[in-house]
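Notes for the one structure printed next.
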Amino acid sequence: KLEINARHPLILRLAAVHASQPSLAAAVAQQLLDNALVAAGLMDDPRGMLANMTHIMAEALKPHAPDAGAGPHAEAEAAQAVDQAVEVGQAAGAGGDAQAQGVG
């Protein structure tokens with residue numbers, strides 16, 4: 001039995017964004033379901049949710065980097081940004097990973 005907290009901020013934002021960005025809303029809803037299945041140990045192969053997660057991340061980053069991919073040095077800048085993000089993630093250690101899981 002799946003229970004949804006209708007007052008959770010993610011659910012409220014999901015309802016609000018549905019009209020303006022139905023594709024993103026559908027991806028987030030699917031990700032919430034996938035997260036619940038993984039947490040319950042019911043998903044046989046979680047790799048199937050990676051494309052959906054990538055879509056959500058791309059949509060989330062659009063407002064912060066509207067010109068991404070433009071210019072002659074875009075690929076090198078992107079690689080440098082990824083390297084920096086990995087370093088930050090490694091510095092955060094397992095504690096950061098635990099906080100990033102789930103929807104409370």
Side-chain angles (χ1 to χ4, degrees):
K1 181 178 174 182
L2 178 63
E3 293 182 17
I4 297 173
N5 177 356
R7 294 183 311 234
H8 191 281
L10 276 179
I11 301 300
L12 294 172
R13 288 184 186 117
L14 178 62
V17 79
H18 183 264
S20 63
Q21 293 182 286
S23 174
L24 178 59
V28 170
Q30 182 63 52
Q31 192 62 49
L32 287 169
L33 175 60
D34 288 348
N35 290 358
L37 293 173
V38 168
L42 298 175
M43 184 175 281
D44 293 330
D45 187 2
R47 292 178 293 179
M49 64 188 216
L50 294 178
N52 190 50
M53 195 178 308
T54 300
H55 170 71
I56 292 168
M57 290 186 291
E59 290 297 316
L61 292 173
K62 274 185 184 178
H64 305 287
D67 296 330
H73 305 291
E75 189 172 319
E77 291 170 359
Q80 183 179 12
V82 168
D83 288 343
Q84 290 173 347
V86 168
E87 288 174 11
V88 168
Q90 289 173 344
D97 292 339
Q99 292 174 354
Q101 295 176 8
V103 175

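Numbers for residues simply follow the sequence, beginning at 1. Values in this document were obtained by computation on a predicted structure and should not be read as measured data.
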Over all atoms of both residues, closest heavy-atom pair of [X] and [Y]:
{"X": "Pro22", "Y": "Ala19", "result": "CD-O, 4.0 Å"}
{"X": "Pro46", "Y": "Met43", "result": "CA-SD, 3.4 Å"}
{"X": "Ile11", "Y": "Asn5", "result": "CG1-O, 3.5 Å"}
{"X": "Ala36", "Y": "Leu2", "result": "CB-CD1, 3.8 Å"}

According to a hydrophobic-cluster definition based on side-chain heavy atoms being under 4.5 Å apart (Ile, Leu, Val, Met, Phe, Trp, Tyr only), do Leu61 and Leu50 belong together?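 No, separate clusters.
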
Any chain of hydrophobic side-chain contacts (each under 4.5 Å) joining Leu10 to Leu24?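 Same hydrophobic cluster.
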
Identify, with sequence neighbours excluded, every residue that meets side-chain hydrogen bond (donor to acceptor under 3.5 Å, both in side chains) alongside Asp45. Arg47

Those residues that, when tested against Leu42, pass side chain to side chain contact (heavy atoms under 4.5 Å, CB included) (two or more places apart): Leu37, Ala40

Check side chain to side chain contact (heavy atoms under 4.5 Å, CB included) between Leu14 and all other residues, then give those that pass, not counting sequence neighbours.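 Counting only residues at least two positions away or on another chain, Leu14 forms a side chain to side chain contact (heavy atoms under 4.5 Å, CB included) with Ala25, Val28, Ala29, Leu32.
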
Got a second to check how far Gln30's CD is from Asn52's CG, nearest 0.5 Å? 6.0 Å

Sort and list the pairs that fulfil salt bridge (charged side-chain N to carboxylate O under 4.0 Å, His left out) and have at least one residue in residues 16-43, not counting sequence neighbours.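 Listed once each, the pairs would be none.
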
Among pairs that include at least one residue of residues 1-17, which meet salt bridge (charged side-chain N to carboxylate O under 4.0 Å, His left out), considering only residues two or more places apart or in two chains? none

